[in-house]
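Below: the structure, in structure tokens.
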Amino acid sequence: MPIHFERKNQRFLLTTKNTAYAFDIGAGRYLVHTYYGKKGKEISAFEGAPLSFGSYPESLGDKWNPDEIPQECPFFDSGDYRISALRIEGKDGTSVTDFVYQSHRVFAGRNDIPGFPTADADEKTKTLEIKMVDEVTGCVLYLYYTVFYEDDVISRSMKIENKGKDTVTIERCMPISLDMKGCDYHMVSLWGTHNAECNIQRFPLHHGVQSIFSRRGSSSPQHNPFLAVSSPKATETKGDVYAFNLVFSGSFADEIEVDQQSNTRVQVGLGSDTFAYTLEAGETFHSPEALMLYTKNGFGEMSRLFHTFIRKHIMPPCALEKHPVVLNTWEACYFDIDEQTLFAFAEESSKIGIDMLVMDDGWFGARNDDHAGLGDWYPNPEKFKNGMKSFVKGIHERGVKFGIWIEPEMVNQDSDLYRAHPDWCLRVEGRELLLSRDQLVLNMANPDVVAYLKKSFDATFGDVGIDYFKWDMNRHLAAVGSPLVSAEKQKELRYRYVMGVYDLLQYMRARFPDAIIESCSGGGGRYDLGLMKYGFQIWTSDNTDPYARILIQRGARLPYPASTMSCHVSDPHEDMKSLDFRYKVAVGGMLGYELNILKMSEGVKKEIARQIKEYKSFEDLIRLGDYYSLVCPFEKGYAAYYYADKEGTEILFSLLEQENCQKGETVLLRFTAAKADKVYTDVLSGKTYLGSDLKKGVRFSLKGEKFSAEMMHLIAK
Ligand code: GLA
């Protein structure tokens with residue numbers, strides 16, 4: 001039974017295949033966290049002790065000191081001085097938040113979170129709903145724990161119903177709050193910036209609060225919502241790792257506090273800096289869903305558990321099918337595109353086995369550079385004299401599929417849309433506009449804006465046969481306000497903005513069910529589980545330098561499967577060694593090209609044709625296989641990793657040297673996923689290996705030369 005209530009000791013016990021999670025009802029009101037970790041360990045009940053300077057409820061006495069209780073959902077100003085999971089301001093202007101356990105129920109499947117992306121349930125998924133009540137405000141809180149038994153993942157979310165008479169304001173909301181004993185842990189997360197996303201950082205916890213966050217309205221490249229808390233000695237293959245993520249694409253906060261007793265509280269959610277929501281009498285609020293998992297087998301297993309979970313429960317089923325090899329026009333043409341050039345691109349692409357041409361920025365409105373046109377989603381009449389339908393037909397006739405770039409959430413002041421609706425963008429009356437890349441952000445919280453976008457995309461792409469959208473977001477939200485909403489509702493704009501984005505994404509998925517959506521935000525700036533539900537492939541970075549990509553791709557794969565990473569080979573400048581290296585880096589994820597095919601020599605084109613053919617022979621392994629990182633490029637000057645199928649009978653291995661590797665340095669790499677009793681042939685070199693030798697380790701020597709990489713594609717007989 002994945003969810004069990006032990007009446008005798010008032011304990012909820014949630015179990016997955018390998019983990020257990022427990023909490024008790026304490027003093028008839030508190031939800032007291034008692035355990036998260038390996039299944040089968042004995043769980044003891046929490047025992048309080050009086051703590052000086054504690055503030056306890058008069059009715060309970062000092063054995064129930066909220067500041068000391070490991071809590072499932074700690075409330076603000078309820079005597080718990082640590083970071084809170086929920087803070088609600090009442091009519092009286094105070095923010096004392098105090099919900100008391102009332103009842104619970106268990107049901108098959110999962111709770112619905114209207115408008116939000118959520119992890120899909122399977123036949124074994126079960127959900128526990130806990131109902132809590134705050135008598136003073138009249139609000140009812142529902143906590144949801146959804147157990148994905150097979151995947152070792154538990155997800156959490158909250159629902160708040162205002163059953164009182166007065167409006168309240170939710171000021172902080174963290175669907176995951178996990179109290180852990182002790183503080184001897186490391187915090188691991190991904191930080192970055194445009195062109196250098198997904199750097200892995202790891203550091204020991206200190207007393208006080210440490211956090212990562214986005215206040216940018218999108219999940220952002222600065223910090224990714226993924227977070228891990230590990231034992232200090234945890235490695236790729238060993239040690240305790242607790243990992244978390246949020247199924248949300250807006251501002252977030254992941255916070256960890258080490259308290260006065262040297263215990264740790266981890267929280268994942270919307271935070272309080274850029275979030276607030278006014279809940280009127282009779283209204284309901286939903287938090288996004290947050291995920292957590294535990295493994296005792298280190299970061300490698302954490303990655304594989306997340307990857308499998310994301311493939312099974314987050315991405316739409318079509319993400320499991322082969323992804324097209326695309327040629328994107330951006331680095332080749334920038335804004336300088338027209339029908340004839342693109343027809344020529346399509347013709348050449350089809351000859352060398354490219355599946356799809358993606359026309360990037362520059363095709364719409366008055367878009368000849370980045371100062372104008374955003375918002376006007378109709379083809380530029382000069383560049384596309386016969387309209388979109390005839391153009392796309394022309395591309396298809398040349399033997400490739402067709403993808404197109406859009407940036408729905410943005411507007412340039414120099415656009416018909418802005419001239420007609422200057423009040424549709426986010427702006428604060430009386431304050432100067434805050435521009436970025438010369439553009440403003442549309443208020444996606446305004447249903448009229450979303451309706452306009454749906455209508456525009458319908459009119460331009462309706463019966464045209466688009467196979468792929470590249471959905472970009474090239475700036476962050478700033479000066480967030482709208483002249484069209486009341487003062488109290490201004491604070492909700494960021495949350496409602498994300499709901500508007502999801503509304504449009506859901507529309508696009510339903511309206512164009514066969515089209516893939518690639519998500520992009522100046523590269524990997526919106527690399528999150530919310531977006532992955534719709535746009536399951538992500539433009540990993542605008543930086544296509546292969547050395548930079550070795551790092552970025554390693555970071556992205558820590559929580560996210562390789563099938564989410566768009567990896568393009570950019571112009572090798574006729575250097576065949578560089579072309580080969582770029583390709584070997586790019587096949588860490590979903591291969592594509594970003595170069596001017598009309599200017600490539602026959603030699604380069606021939607080699608690209610060979611690469612595509614070879615890639616297709618092992619694409620399934622990258623898209624669906626288990627990922628094993630052997631050498632992390634953030635620790636050493638090179639990367640080594642492999643993908644293996646579930647049976648361990650096929651392995652794709654890559655060793656990628658950074659520029660300053662030491663010639664002759666050797667490294668022993670163990671292929672633990674190999675089967676000892678099998679014999680493997682590397683189909684790239686023809687060499688054979690015993691499975692038992694692969695498991696014991698194969699020694700590799702670094703070449704220490706520019707563009708050095710090795711690959712093996714091992715297939716068992
Ligand atoms: C962003 C994207 C690029 C390209 C440009 C177009 O920077 O990351 O790939 O699409 O926008 O303006």
Side-chain angles (χ1 to χ4, degrees), residues 216-218 330 334-339 359-389 391 404-462 464 466 469-486 489-490 493-494 496-501 503-505 507-508 511 520-522:
R216 295 166 177 269
S218 78
W330 179 243
Y334 295 106
F335 296 95
D336 195 10
I337 47 175
D338 60 65
E339 215 169 47
M359 173 167 76
D360 212 282
D361 201 349
W363 61 268
F364 52 90
R367 187 79 166 167
N368 296 313
D369 54 37
D370 56 12
H371 300 300
L374 287 171
D376 299 341
W377 299 111
Y378 53 83
N380 178 298
E382 305 272 297
K383 297 177 188 177
F384 300 94
K385 297 213 165 50
N386 305 309
M388 187 56 81
K389 192 167 181 180
F391 168 64
I404 196 161
W405 181 94
I406 50 175
E407 196 181 2
E409 300 148 72
M410 299 295 154
V411 66
N412 284 119
Q413 284 164 290
D414 187 357
S415 68
D416 295 341
L417 178 64
Y418 187 81
R419 283 183 281 273
H421 298 285
D423 52 359
W424 274 11
C425 65
L426 293 172
R427 64 194 308 165
V428 175
E429 288 293 275
R431 300 212 177 263
E432 203 176 352
L433 289 174
L434 291 175
L435 292 171
S436 177
R437 208 195 188 197
D438 223 8
Q439 63 198 52
L440 293 165
V441 185
L442 286 172
N443 176 12
M444 296 295 286
N446 179 349
D448 293 343
V449 170
V450 178
Y452 162 81
L453 291 167
K454 288 179 185 171
K455 214 167 140 208
S456 296
F457 292 143
D458 203 41
T460 303
F461 306 132
V464 160
I466 304 282
F469 291 101
K470 176 176 172 186
W471 181 308
D472 214 334
M473 183 204 193
N474 275 322
R475 65 157 293 179
H476 292 143
L477 280 55
V480 178
S482 165
L484 304 180
V485 301
S486 67
K489 294 280 173 190
Q490 297 286 346
L493 282 173
R494 284 184 181 82
R496 289 192 182 273
Y497 176 95
V498 184
M499 299 295 292
V501 173
D503 181 5
L504 187 60
L505 276 160
Y507 175 82
M508 296 296 275
R511 179 70 184 81
C520 174
S521 179

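Side chains are part of it too, since the values below use all heavy atoms of this structure and drop only hydrogens, waters and symmetry mates.
Ring-centre distance between Tyr378 and Trp363: not below the 6.0 Å cut-off. Phe469 has its ring centre no less than 6.0 Å from the ring centre of Phe457.
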Counting only pairs under 3.5 Å, give me each side-chain donor-acceptor contact of residues 423-431, with atom names and distances, residues two or more places apart or in other chains.
{"residue": "Arg427", "atom": "NH1", "partner": "Tyr418", "partner atom": "OH", "Å": "3.1"}
{"residue": "Arg427", "atom": "NH1", "partner": "Pro422", "partner atom": "O", "Å": "2.9"}

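Distance check, rounded to the nearest 0.5 Å: CG of Asn368 to CG of Asp336 gives 9.0 Å. Rounded to the nearest 0.5 angstrom, Arg494 CZ and Arg216 CZ are separated by 12.0 Å. In this structure, CG on Asp503 lies 8.0 Å from CE on Met444, to the nearest 0.5 angstrom. Taking CD1 of Ile404 as the start and CE of Met359 as the end, the distance is 3.5 Å to the nearest 0.5 Å.
Residues Gly481 and Gln490 approach most closely at CA-OE1, 3.2 Å, considering heavy atoms. Residue Ile337 comes nearest to Gly362 through the heavy atom pair CD1-C, 3.6 Å, listed as atom of the first residue, atom of the second, then distance. Pairing each heavy atom of Gly375 with each of Leu417, the nearest pair is CA-CD2, 3.8 Å. For the pair Asn474 and Glu407, the tightest heavy-atom approach, listed with the atom from each and the gap, is N-OE2, 2.5 Å. Taking every heavy atom of both residues into account, Met473 and Tyr497 meet most closely at CE-OH, 3.8 Å. Counting all heavy atoms, side chain and backbone alike, Pro379 lies closest to Thr460 at CD-CG2, 3.8 Å.
Arg367 has its side chain within reach of Asp361: a pair of non-hydrogen atoms, C-beta onward, lies under 4.5 Å apart. Taking the side chain as every heavy atom from C-beta outward, Asp360 and Phe335 never approach each other to under 4.5 Å. The closest side-chain heavy-atom distance from Lys383 to Phe391 is not below 4.5 Å. Between Trp471 and Pro408 there is a side-chain heavy-atom pair separated by less than 4.5 Å. Looking at Ile406 and Met508, their side chains come closer than 4.5 Å, going by heavy atoms from C-beta outward. Two residues are said to be in side-chain contact when any heavy atoms from C-beta on lie closer than 4.5 Å; His421 and Tyr452 fail this criterion. Within the 4.5 Å cutoff, the side chain of Met410 has heavy atoms near those of the Arg475 side chain. Using a 4.5 Å heavy-atom threshold, the side chains of His476 and Ser218 count as touching.
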For side-chain contact (heavy atoms from CB on, under 4.5 Å), just list the numbers for Glu339 and Asn386, CA-CA rounded to whole Å, side-chain angles, deciding distance to a tenth of an Å, and then say yes or no. CA-CA 9 Å; Glu339 215 169 47; Asn386 305 309; 3.8 Å; yes
Please test Phe364 against Met388 for side-chain contact (heavy atoms from CB on, under 4.5 Å), starting from the C-alpha separation and ending with a verdict. CA-CA 10 Å; Phe364 52 90; Met388 187 56 81; over 6 Å; no
Which is it for Leu435 and Gln413 under the side-chain contact (heavy atoms from CB on, under 4.5 Å) test, yes or no, and what are the steps along the way? CA-CA 10 Å; Leu435 292 171; Gln413 284 164 290; 3.6 Å; yes
From CA spacing to verdict: side-chain contact (heavy atoms from CB on, under 4.5 Å), Leu493, Ser482: CA-CA 8 Å; Leu493 282 173; Ser482 165; 4.0 Å; yes
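A distance-only check finds a donor-acceptor pair linking the side chain of Asn380 to the backbone of Gly365 [under 3.5 Å]. Under a 3.5 Å cut-off, the side chain of Asn412 and the backbone N or O of Leu440 do not form any donor-acceptor pair. Using modelled atom types, one side-chain atom of Asp376 and one backbone atom of Asp416 make a donor-acceptor pair closer than 3.5 Å. A donor-acceptor pair under 3.5 Å is formed between the side chain of Asp472 and the backbone N or O of Gly522. The closest donor-acceptor contact from the side chain of Ser415 to the backbone of Val411 lies at 3.5 Å or more, if one exists at all.
Listed by chain and residue number, Asp458, Tyr507 satisfy the side-chain contact (heavy atoms from CB on, under 4.5 Å) test with Arg511 (two or more places apart in sequence, or in another chain).
The residues Asp370 and Arg437 are annotated as salt-bridged, a charged nitrogen and a carboxylate oxygen being separated by less than 4.0 angstrom.
Within 6.0 Å of atom NZ in Lys389, 12 or fewer heavy atoms from other residues, nucleotides or ligands are found, so the atom counts as exposed in its surroundings.
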